[in-house]
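Here the structure is laid out as structure tokens; the discussion comes afterwards.
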Amino acid sequence: MPSLRLHNLALVTAAGPERGPLTSWEALGFLPDADLVLTRDAAGTWRTTWLGPADSGDRPSADRTLDCGGRLVVPGLCDSHTHAVFAGDRAVEFNQRLAGRSYADIAASGGGINHTVAATRRASLEELVTSAASRLSEMCAWGVRVVEVKTGYGLDVATEVRSLQAIAELRRRFAGRLRIVATAMPGHAIPPEFKGDPQGYVTVVCDTILPAMAACGVPVQFLDTFIERGYFDTAAAQRMAAIARGFGWGVKAHVDEFADIGGLAWAVDHRATSVEHLLCTGAEGIARLAASDTVAVCLPLTSVFLREPLAPMRELVDAGARVAVATDCNPGSAMTTNLLLAMQMAVLMGRLTPQEALRGVTRNAALALGEPGGWRGRVAVGEPFEATAFALGRPDELFYRLGLPPCVWTPLNEAISPALAG
Ligand code: NIG
Ligand code: FE
């Protein structure tokens with residue numbers, strides 16, 4: 001079996017605890033001068049077979065050695081929450097919000113998500129793929145190796161299925177560079193043709209849209225629902241989740257973004273893999289998450305973009321919840337692909353430590369995606385190896401250098417390509 005030694009690198013394994021405060025790089029598995037031996041298995045997956053300090057005497061030999069020149073290597077970054085497949089933009093609404101109009105007001109007058117739905121319904125498959133591919137390329141430049149992509153700007157059978165087909169084509173185009181987890185989100189908004197009849201729309205989602213998505217030949221991993229005043233309530237989420245569970249999909253939910261209407265409690269009670277946003281989550285929700293395995297996915301750039309308060313990230317970590325950090329890349333509330341900036345804002349505005357933020361885009365992001373393909377978001381012996389190398393010498397530079405330009409060192413990814421399957 002082919003083997004590869006990675007030599008002369010500063011490694012953060014992220015193989016520490018998933019919960020609780022972290023205050024040192026050692027607690028997140030920092031080895032300032034590390035050596036790694038990888039082996040490619042019969043299925044083509046590179047696995048870590050040995051890791052340790054460079055001066056240990058028991059390192060096995062390998063066919064090839066890659067000198068990493070002292071660069072920083074971390075588990076491949078994972079953006080665990082994006083809405084990257086959509087057409088058009090909402091710059092006009094952005095400017096209206098800057099002038100004082102609220103997101104809810106814009107949505108109520110026919111803009112918001114439904115503005116993007118109209119553009120996405122008009123777009124061809126090729127147009128959806130091309131625009132999403134440029135966003136995914138930007139993500140790669142930030143060091144992202146695993147990304148979740150939601151549908152949810154179609155809200156009818158044809159366009160939700162076309163959005164999944166776009167994800168399938170993106171999986172082909174980014175093979176070896178990005179692993180893409182697909183989330184079905186027809187429960188993103190009530191489309192205009194069902195205005196005033198949310199139950200009617202949920203019936204169509206359950207009877208027609210979700211079955212068509214499951215049957216279209218594109219593997220889907222999760223269902224997500226926007227549980228929010230004016231969107232979907234927990235009863236609607238329950239109806240859709242029951243169908244999704246029947247297909248073997250996991251369940252996620254957008255909750256507590258603007259108002260707490262019971263979404264978090266419902267999601268935790270129904271063993272959701274993750275809950276996302278959490279801007280107005282209070283003490284009770286924090287305690288529920290701390291006592292569960294459901295991952296709290298925090299999206300600090302959405303708060304900045306909407307001028308809303310941040311999720312209680314510090315309190316969630318202190319209470320013992322599993323906390324992940326993601327971009328929320330979408331045209332309305334977070335027009336960004338920059339996961340490094342999300343990490344930095346989680347620290348500077350959300351008061352996470354750098355170690356907790358890095359854990360939020362590696363180990364805990366993998367948990368938020370159900371450890372796709374057996375990848376666990378950390379560097380550990382026996383596990384699939386997926387990593388990003390930065391042209392930096394120390395992990396704190398990922399945070400200290402605000403607005404860090406892309407500095408991914410690609411020879412590492414080339415050496416382990418094609419590690420990633422779809
Ligand atoms: O995650 N909250 C719902 N969905 C998106 C916003 C989508 C949009 O405005 O287009 C979000 O913030
Ligand atoms: Fe979102």
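Here, residue 1 is the first one in the sequence, and each next residue gets the next number. Indexing begins at 1, ligand by ligand and atom by atom, following the structure's order.
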Looking only at heavy atoms, the pair that brings L340 and L398 closest together is CD2-CD2, 4.1 Å

Honestly, for H83 the part within reach of ligand 1 (heavy atoms, under 4.0 Å) is side chain

Answer key: the N, O or S atom of D328 nearest to the Fe ion (ligand 2) is OD1

key: Polar contact flag for T116 and ligand 1 (N/O pairs, less than 3.5 Å)   = no

Vertex the Fe ion (ligand 2), ends H254/NE2 and H81/NE2: angle to nearest 10° comes to 90°

Practice item. Give a yes or no on whether the backbone of F258 and the side-chain of E228 come within a donor-acceptor separation of less than 3.5 Å. Key: yes

Per-atom filter on ligand 1: closer than 4.0 angstrom to a heavy atom of E257 are 2 (N), 3 (C), 12 (O)

**Request:** Tell me whether D224 has at least one N, O or S atom under 2.8 Å from the Fe ion (ligand 2).
**Result:** no

Per-atom filter on ligand 1: closer than 4.0 angstrom to a heavy atom of Y103 are 6 (C), 7 (C), 8 (C), 9 (O)

**Message:** When you measure from the side chain of D79 to the backbone of V361, do you find a donor-acceptor pair of N or O atoms at a distance under 3.5 Å?
**Reply:** no

In this structure, atom 12 (O) of ligand 1 is nearest to the protein heavy atom S333 OG, 2.5 Å

Restricting to heavy atoms, the pick from H188, H254, R90 nearest atom 4 (N) of ligand 1 would be H188

*Going by atom types alone, do T203 and R239 pair a side-chain donor with an acceptor below 3.5 Å?*
yes

Atom 11 (C) of ligand 1: closest protein heavy atom, distance to 0.1 Å, is D328 OD2, 3.2 Å

closest protein heavy atom to atom 7 (C) of ligand 1 is Y153 OH, 3.1 Å

Exercise. For residues D328 and T302, is any side-chain donor paired with an opposing acceptor at under 3.5 Å?
Worked result: yes

Practice problem: Would you mind reporting whether W249 and L210 have side-chain heavy atoms less than 4.5 Å apart? | Solution: yes

message: Any heavy atom of H277 closer to ligand 1 than 4.0 angstrom?
response: yes

ask   = Any donor and acceptor pair, going by atom type alone, linking the side chain of D224 with main-chain N or O of H254 inside 3.5 Å?
value = yes

Under a plain distance cut-off of 3.5 Å, with no hydrogens placed, do R90 and T116 share a side-chain donor-acceptor pair?
yes

